[in-house]
Amino acid sequence: MTRGLPPEETLDVVGGRSVSRVDAEAVQGAAVLLDDAAGRLRQASQRCLGAAGTLRGAVWAPRPFGAPSLALPATPEDSAAQATRAALRELAAAHLDEASTRLGARTGAVERCSRRLRFAAGLYREAETVAQRVADGAVTVLSGVAGAWLGLRVLPALSAGSGTAGLLRAWWPGRAGGTDPAAGPPSARRPPEPPSAPVTTSPDGPLADAWRVLAPVSDEAVAGLATGLSATRPLTWRDLRRVVDEGPAALDPVTRGAALLSDVVAALLPDAVPQVVALADDDVAGPPPPWAARPAGTVAEALARTADLYPQGSGVVDRPAAGVPTGTLAVEEVTHADGSTSWTVLIPGTQSFLSTANPFDAATDLSLMAHETADVSVAVEQALDAAGAGEDEPVVLVGHSLGGIAATALAASPQFRERHPVGGVVTAGSPTATFAVPAGVPVLHVENEESLVENVDGRSREEGPATADRVTVGRRLLDSSDPADAAAAGSIALAHAMPTHLRTLAAAQRSGNVQVAGVTARLERLLAGTRGRTRFFVARRVDPAPPLVLAPGPGTLGTVPGTTSPPPGNPTGAMPC
């Protein structure tokens, strides 16, 4: 048992209202302040000791600058005065000794208090960690059970229903297939006026508190759901081939769970192929955006331009939308002072749930998370080819949400890198932890804790990849004093919107963080240039070319190209009369 404690530390109080929450960081901060106070007290004690020594030395030391004199006998008056001065100096030195002792005691007390605060902060953190682990484990287990039930009960029923696809298409009247390959790009509507002030009130109302509670455990929920879901799917040859290409990461539960969901969704949608169509000036609602004729220059501007491609605009204060149709991506050609050329691709995020025409939908999200060939990824390659990107010219891929997943997936693809050297990747609000980007490629991920989308990869920000080239910057919006951040903390949509991510990036840059400054400098060497030109492309899903029926020659049977069967309606292969 510990003895010799101060009386106030021997108390035991029962009842009343106790502390319901302890901020370990605040306790740690108080310990730091006490350390500083102890240092000042120690310095004052040492100065008192030094002053006492100086006074005692002055009693016996001769005057260093006094005039030399002969040794004369001192008068009684001089001796009395000298004795009085010596006594006063000794008394002052004694007082200084006492002050130094008391200051030393106070220093020791402050240091003991600082140590106890640090110990308490550690205990609080440990208790919070244990509680958090228990809560996380419970969420993971419950989500795993839900994922197993989904994989064993719901998905097989959807896959087995032969009429499901037909019913779904009937539910979407007029959208039974992709668009006509010969049709022009969809028309753009004039976007709404940009906001004149940031949003400072959460539009989610009573749900705001629920989002704040769910955000910290959303990654565990996704990881558990994916684990339960993937456990119901046996390994296939496709999985083994992926292991050969990607290594053990291909067996990640999130990747396999997304592949299972992707297969079900693909069976519900009609067959289609991705295609990009270049936009002319007449296809844009209003004049082209003013930035179309100059390079982005900065990471923040590139992200803002990516959000400008949404039909409703970026939501950034006083920043108008580009006025382009849905499904638009942009390719910027950047010319540098030395005559070299680089390219910047701007890829927006999800714009519909499931669509037979617009590939920026949940089906593409699942394909990307499953590490499969996705329509948006193919559209990016087609757009680069149409814009004239050379095989030796670096490409910076910038994306928001779905666009960020596509950007990271392309950077991780050896096939894409063989055609286009990747000069960098920038993402905002994208779950990208399951992708391995090669060393040497600067990557910046911007995330917010309350935006649940980033945690769809089943990992928190701290659990994601962190290398010398790959930097993730994020923050907890609820801790911010900015009213716009407080509003975004209670709204999934606001937390995921580009204005919130831009505030996160700006805060990181204002802080002077070395990692963020280093990776943005590397990226902006390619984003900035002397000249720039932006081309806009609409990505869409189109019906595959209908099969051609070839007229057979003498003695041959007519077949449908790609098959060994006679054409429909001609079972014998004979020429019609």
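Keep in mind it's a predicted model, so treat the numbers as computed, not measured.
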Please lay out, stage by stage, how V334 and L527 fare under the test side chain to side chain contact (heavy atoms under 4.5 Å, CB included). CA-CA 7 Å; V334 181; L527 294 174; over 6 Å; no

Please determine whether side chain to side chain contact (heavy atoms under 4.5 Å, CB included) holds for the pair H445 and T408, giving the CA-CA distance in whole Å, both sets of side-chain angles, and the decisive distance to 0.1 Å. CA-CA 10 Å; H445 302 300; T408 312; 4.1 Å; yes

Does the pair R319 and S314 meet the rule for a side-chain hydrogen bond (donor to acceptor under 3.5 Å, both in side chains), with working shown? CA-CA 7 Å; R319 187 179 180 98; S314 64; 4.6 Å; no

Mind running side chain to side chain contact (heavy atoms under 4.5 Å, CB included) on M369 and T255 for me, showing each step along the way? CA-CA 6 Å; M369 293 304 296; T255 303; over 6 Å; no

Give the intermediate values and the outcome of side-chain hydrogen bond (donor to acceptor under 3.5 Å, both in side chains) for residues D375 and S367. CA-CA 8 Å; D375 291 343; S367 297; over 6 Å; no

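Across all non-hydrogen atoms, the minimal contact from L354 to A362 is CD2-CB, 4.2 Å. Looking at every heavy atom in both residues, A406 comes nearest to V376 through CB-CG1, 4.1 Å. Shown here for H336 and L526, the closest heavy-atom pair between the two residues is CE1-O, 3.4 Å. Here the closest heavy-atom approach between residue A433 and residue D457 is recorded as N-OD2, 3.1 Å. Across all non-hydrogen atoms, the minimal contact from L329 to V331 is CD1-CG2, 4.3 Å. In terms of heavy-atom proximity, N448 sits nearest to H501 at ND2-ND1, 3.1 Å.
Atom CD of E463 is separated from atom CG of N455 by 9.0 Å, given to the nearest 0.5 angstrom. Put simply, OG1 on T534 and CH2 on W291 are 5.5 Å apart, with the number rounded to the nearest 0.5 Å. Here the OG atom belonging to S401 is positioned 8.0 Å from the CD atom belonging to E454, to the nearest 0.5 angstrom. In this structure, CD on Q415 lies 9.0 Å from CD on E381, to the nearest 0.5 angstrom. Separation of atoms CG (D479) and CD (E449) is listed at 8.0 Å; rounding is to 0.5 Å. Between L346 atom CG and T306 atom OG1 the span is 4.0 Å, to the nearest 0.5 Å.
The aromatic rings of Y310 and H400 stand perpendicular to each other, their planes meeting at an angle above 60°, with 30° marking the opposite boundary.
A salt bridge links D469 with R522: the closest approach of a Lys/Arg side-chain nitrogen to an acidic carboxylate oxygen falls below 4.0 angstrom. Ion pair R476/D485 not flagged as a salt bridge, since none of the NZ, NE, NH1 or NH2 atoms sits closer than 4.0 Å to an Asp/Glu carboxylate oxygen. With respect to E332 and R305, a salt bridge is recorded, a charged nitrogen being found less than 4.0 Å from a carboxylate O.
Although no hydrogens or angles enter the test, the distance criterion places no donor-acceptor pair under 3.5 Å between the side chain of E447 and the main chain of R475. Between the side chain of Q351 and the backbone N or O of G327, at least one donor-acceptor pair lies under 3.5 Å. At distances below 3.5 Å, not a single donor-acceptor pair connects side-chain atoms of D308 with backbone N or O atoms of G313. Using modelled atom types, no side-chain atom of R470 and backbone atom of P442 make a donor-acceptor pair closer than 3.5 Å. A donor-acceptor contact shorter than 3.5 Å is absent between the side chain of Q515 and the backbone of V471. Within the 3.5 Å criterion, the main-chain N or O of S430 finds no donor-acceptor partner in the side chain of T427. Not a single donor-acceptor pair under 3.5 Å links the side chain of D204 to the backbone N or O of L207. Here the side chain of S480 pairs no donor or acceptor atom with the backbone of L477 at under 3.5 angstrom.
Checked options T432, V222, D252; the residue passing with R459 is D252 (criterion: side-chain contact (heavy atoms from CB on, under 4.5 Å)). When each of I347, T328, L309 is tested with F360 by the rule side-chain contact (heavy atoms from CB on, under 4.5 Å), just one qualifies, namely I347. Exactly one residue among V396, V398, L384 makes a side-chain contact (heavy atoms from CB on, under 4.5 Å) with V345. That residue is L384.
The shortest distance between side-chain heavy atoms of D365 and T350 falls below 4.5 Å. The shortest distance between side-chain heavy atoms of V110 and R115 does not fall below 4.5 Å. Looking only at side-chain heavy atoms (C-beta outward), L397 and F416 come within less than 4.5 Å of each other. With contacts defined as side-chain heavy-atom distances shorter than 4.5 Å, the pair T344/V395 does not qualify. Annotation: side chain of H371 is in contact with side chain of F435 (closest heavy-atom distance under 4.5 Å). Annotation: side chain of V378 is in contact with side chain of T373 (closest heavy-atom distance under 4.5 Å). Residues L502 and T500 fail the side-chain proximity criterion, which asks for heavy atoms closer than 4.5 Å. In this structure, the side chains of P295 and R531 stay at 4.5 Å or more apart for every pair of heavy atoms.
A donor atom on one side chain and an acceptor atom on the other are found under 3.5 Å apart for S451 and H496. Counted by atom type alone, T364 and R541 present one or more donor-acceptor pairs between their side chains at under 3.5 Å. For the residue pair S342 / E393, no side-chain donor-acceptor distance below 3.5 Å is found, with atom types taken as modelled. Remark: the S340 side chain and the D338 side chain contain an N/O donor-acceptor pair separated by less than 3.5 Å. A side-chain donor from one of S114 and D35 sits under 3.5 Å from a side-chain acceptor of the other. Side chains of E333 and W343: no donor on one and acceptor on the other come within 3.5 Å. There is no side-chain donor-acceptor pair under 3.5 Å between D318 and S196. No donor-acceptor contact under 3.5 angstrom links the side chains of N358 and S352, judged on distance only.
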